[in-house]
Amino acid sequence: MSGESKSLNFIEHIIEEDLANGLSKDKLRFRFPPEPNGYLHIGHTKAIGISFGLGEKYKAPVNLRFDDTNPAKEEQEYVDAIKRDIEWLGYKWENELYSSDYFQKLYDWAVQMIKDGRAYVDSQSSEAMAEQKGTPTQVGTNSPYRNRSVEENLDLFQRMKAGEFEAGKHILRAKIDMEDPNMLMRDPIMYRILYAHHHRTGDDWCIYPMYDWTHGESDYIEQISHSLCSLEFKPHRKLYNWFREHVYEYSKEILPLPPKQREFARLNLSYTIMSKRKLLRLVEKGIVTGWDDPRMPTISGLRRRGYTPNSIRKFIEKVGVAKRENVIDVSLLEFCIREDLNKTTNRVMAVLNPVKVIITNYPDDKEEWLEAENNQEDASAGYRKVPFSKEIYIEKEDFKEEAGNKFFRLKLGGEVRLKNAYIIKANSVIKGDNGEVKEIHCSYDTDTSKKVKGTLHWVSVKHAITAEIRVYDRLFSDEAPDSHPDKDFMEFINPNSLKVSTAYLEPSLADAKIGECFQFQRLGYFNIDDDSTPNQLVFNKTVGLRDSWAKQKPKPQNNQNQSKPQQQKRPAISVIKQLGKKYTNLSEEKQLKVKNEIQELAKGVAYDELEPLFGTAVKKAGTRIAVMITLKEMLKSGLEQNNTITEFINKALEDKNELLVNEAKTI
RNA sequence: UGGCCCAUGGUGUAACUGGCUAACACAUCGGUUUUUGGUACCGAAGAGUCUAGGUUCGAAACCUAGUGGGCCAACCA
């Protein structure tokens with residue numbers, strides 16, 4: 001028992017149950033088994049968070065095991081990147097291991113399996129074998145080589161290993177059941193011949209074990225208690241268990257714990273993709289600058305973008321663990337990073353889209369260094385000085401010649417506070433030929449105790465330093481870009497996912513270092529990109545601040561929140577059902593309103609849709625009332641009354657709910 | 001046409017394993033505070049738990065059927 005009151009997810013329930021049934025707590029052991037064929041992405045952090053999180057929770061070891069059985073795809077670069085990312089997230093593995101460490105052991109067991117008649121060498125083409133395999137709805141047929149003698153199998157397998165055959169000539173298969181409804185049980189391949197250089201074993205082997213044979217047995221060798229993976233491996237469980245059962249027979253004295261595999265739903269994030277193969281395409285096609293492009297959902301991309309390990313771990317915790325398909329809204333990720341950065345980053349002032357303000361009553365060459373608080377969320381962050389002078393920049397967006405009183409910013413004749421400085425009043429503007437405001441002439445007031453609605457950030461023109469700012473938008477314009485069977489995800493690429501501009505910053509930023517994070521006051525969180533140099537600062541926008549003002553505005557051309565379509569398209573009948581649910585709880589006045597609504601919706605309902613609802617459970621009076629109202633409307637507009645309808649009405653007349661009876665009566 | 005898995009507010013997870021008004025977080029909408037239209041705080045709206053039967057004093061949970069979604073036919077993992 002772990003004693004907390006926090007609710008457990010289904011995997012924790014399983015573990016608690018195993019513990020309660022006698023599994024000793026010190027036998028708990030987990031693993032994270034990436035294939036080193038690409039970079040880790042936010043989806044992997046869920047798997048990482050689950051297994052490493054369990055390790056932390058139960059103080060159990062967690063192995064990092066590279067599942068490196070396919071030398072054709074795997075590279076050392078990926079091994080290094082994966083280790084870097086996991087470390088960065090703050091997790092510690094017990095052992096760094098490789099499936100390739102077990103090649104000899106696996107081979108010995110395979111020989112044993114052959115001797116026991118549980119595996120055989122097949123010598124057909126892959127096409128022929130695919131044909132014999134059948135389909136999900138059709139059983140397979142046995143290979144003509146299925147009944148080779150043990151001696152022949154042994155001889156062939158040894159010669160496969162010795163490199164006597166060309167690739168594809170022979171394979172080793174488990175002898176299970178070609179008629180099993182689970183395709184994975186139809187004599188699955190255990191070994192194939194592959195003349196490829198392996199990043200660890202070099203050219204020692206020319207036969208390589210397949211995933212199913214390798215993965216489960218690696219778990220077993222490492223004495224993993226719970227082998228956790230994503231849902232698509234559910235069908236593999238039967239095979240996992242089959243292999244395990246036999247190998248257990250060979251080694252139970254030395255390896256007493258048979259591991260168990262359990263599956264959870266993987267993480268999907270809206271407006272992005274999670275497939276390594278597809279991410280690789282983005283890299284190769286030059287859509288992004290690399291695996292660590294700040295727009296990528298990779299861990300290295302998020303890191304470069306300014307996400308913190310803390311925020312990602314928090315995110316994974318909030319997302320939860322279950323077995324149903326899910327799509328997590330990016331807003332949750334954004335919430336997590338804001339929450340973290342709000343507490344930790346220093347506030348600074350930067351103007352991204354400047355317009356000049358001249359303070360006419362401020363002496364020409366005067367300058368003052370005013371005190372500014374670094375972080376009001378963290379008293380220990382201290383203060384810094386920011387320079388003030390006659391000419392400053394503010395954001396173009398923060399000024400309007402005229403505006404209503406919901407606009408808290410600067411307007412002609414209006415006053416506004418300059419953060420950490422004075423209160424200014426706009427008196428006049430100077431415009432360029434095209435009518436654009438070039439300068440705003442203001443007067444300042446040293447009485448800062450006044451109450452004014454708005455506070456603006458600003459930067460002194462002559463003290464300002466410049467920097468390149470990279471602002472990112474989502475990479476795809478579609479909520480689930482790779483879920484369209486008829487369209488390629490590349491069609492949804494957002495051409496405006498990167499905007500580069502030059503900004504003016506307060507001079508304290510001059511010696512900021514790569515990776516450092518700031519809040520640009522009123523704008524968002526920004527960090528210094530890897531491309532930054534002392535001569536040319538480069539900032540990434542990690543995420544904007546929440547902006548309740550932007551939401552009220554008519555809406556710029558931002559593609560941020562396209563209206564959610566699902567509300568529009570809902571069929572009338574389902575809206576009616578929903579309205580009905582609440583009907584009996586409403587005030588009389590509201591009931592009338594809802595009734596009108598239902599009557600209106602009734603026009604869009606077909607009788608076929610309505611009839612099934614006649615059977616609605618008696619206790620759901622509201623739904624039945626809504627159905628009755630709809631029915632009445634449809635009868636009015638010419639629907640012919642049949643027996644089913646009459647029956648429904650009669651049943652309603654006898655109901656104990658008065659509202660329903662009344663509706664029925666008026667038909 | 002077979003097998004397996006899944007179904008709870010817009011989204012994601014809970015519900016002490018059959019027992020209070022179905023909880024929490026994000027998102028949404030109000031309000032208070034505020035030298036960030038941020039943060040913090042307070043509040044509101046939103047779910048008869050896919051549908052229909054059944055078991056039971058009692059079902060989101062158990063059973064049956066249906067509907068919808070996902071996965072499975074790589075010498076990938």
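Just so you know, these numbers use all the heavy atoms, side chains as well, and skip hydrogens, waters and symmetry mates.
The phosphate of B/rC76 (OP1 or OP2) has a side-chain N or O of A/R192 nearer than 4.0 angstrom. Distances shorter than 4.0 Å separate none of the side-chain N or O atoms of A/N9 from OP1 or OP2 on B/rU13. Between A/R338 and B/rU39 there is no side-chain polar atom (N or O) within less than 4.0 angstrom of OP1 or OP2.
Shown here are the side-chain hydrogen bond (donor to acceptor under 3.5 Å, both in side chains) partners of A/H215, two or more places apart in sequence or in another chain: A/R31, A/D67. For A/S125, the side-chain contact (heavy atoms from CB on, under 4.5 Å) partners are A/E127, A/A128, not counting sequence neighbours.
A/Q261 and A/E263 form a side-chain donor-acceptor contact under 3.5 Å, judged by distance and modelled atom types alone. Residues A/D447 and A/Y422 bring no donor and acceptor atom of their side chains to less than 3.5 Å of each other.
Looking at which nucleotide of RNA chain B each of A/F10 and A/E35 is closest to, the 5′-most match is held by A/F10. With RNA chain B read from its 5' end, the first of the two nearest nucleotides for A/V321 and A/K453 is the one closest to A/V321.
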Would you tabulate the nitrogen or oxygen pairs shorter than 3.5 Å linking the protein to nucleotides 31-36 of chain B?
unit_1 : atom_1 : unit_2 : atom_2 : d
B/rU35 : O4'    : A/R417 : NE     : 3.0
B/rU35 : O2'    : A/K419 : NZ     : 2.9
B/rU35 : O2     : A/N420 : N      : 2.9
B/rU36 : O2     : A/Q519 : OE1    : 3.1
B/rU36 : O2     : A/R522 : N      : 2.8
B/rU36 : N3     : A/Q519 : OE1    : 2.6
B/rU36 : O4     : A/R347 : NE     : 2.4
B/rU36 : O4     : A/R347 : NH2    : 3.0
B/rU36 : O4     : A/Q376 : OE1    : 3.4

Are any protein N/O atoms closer than 3.5 Å to N/O atoms in nucleotides 63-74 of chain B? If there are, list each pair with its distance.
unit_1 : atom_1 : unit_2 : atom_2 : d
B/rG70 : O2'    : A/E325 : OE2    : 3.2

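Base pairing in RNA chain B gives the following stems of 3 or more Watson-Crick or G-U pairs, range against range and under 3.5 Å: B:2-7 with B:67-72, B:10-13 with B:23-26, B:28-32 with B:40-44, B:50-54 with B:62-66.
Stacking between A/W549 and B/rG37 is present: the aromatic ring centre lies within less than 5.5 angstrom of the base six-membered ring centre, and the two planes differ by under 30 degrees.
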Given protein heavy atoms under 4.0 Å, the one-letter contact record of nucleotides 15-22 of chain B, with B base, S sugar-phosphate only and - none, is simply S-B-----
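Across all strands, A/H215 comes closer than 4.0 Å to no nucleic acid atom at all (heavy-atom distances).
Below 30°, between 30° and 60°, or above 60°: for A/Y211 and A/F233 the angle between ring planes is between 30° and 60°, a tilted geometry. Between A/Y208 and A/H198, the ring planes are parallel. Angles under 30° get that label, and only those over 60° would be called perpendicular.
Scanning atom types as modelled, one donor and one acceptor separated by under 3.5 angstrom connect the side chain of A/R409 and the base of B/rG37.
In this structure, A/R173 fails the cation-pi test against A/Y120, since its NZ or CZ atom is not both closer than 6.0 Å to the six-membered ring centre and inside 45 degrees of the ring normal. Judged by the 6.0 Å and 45° rule, A/K400 forms a cation-pi pair with A/F407.
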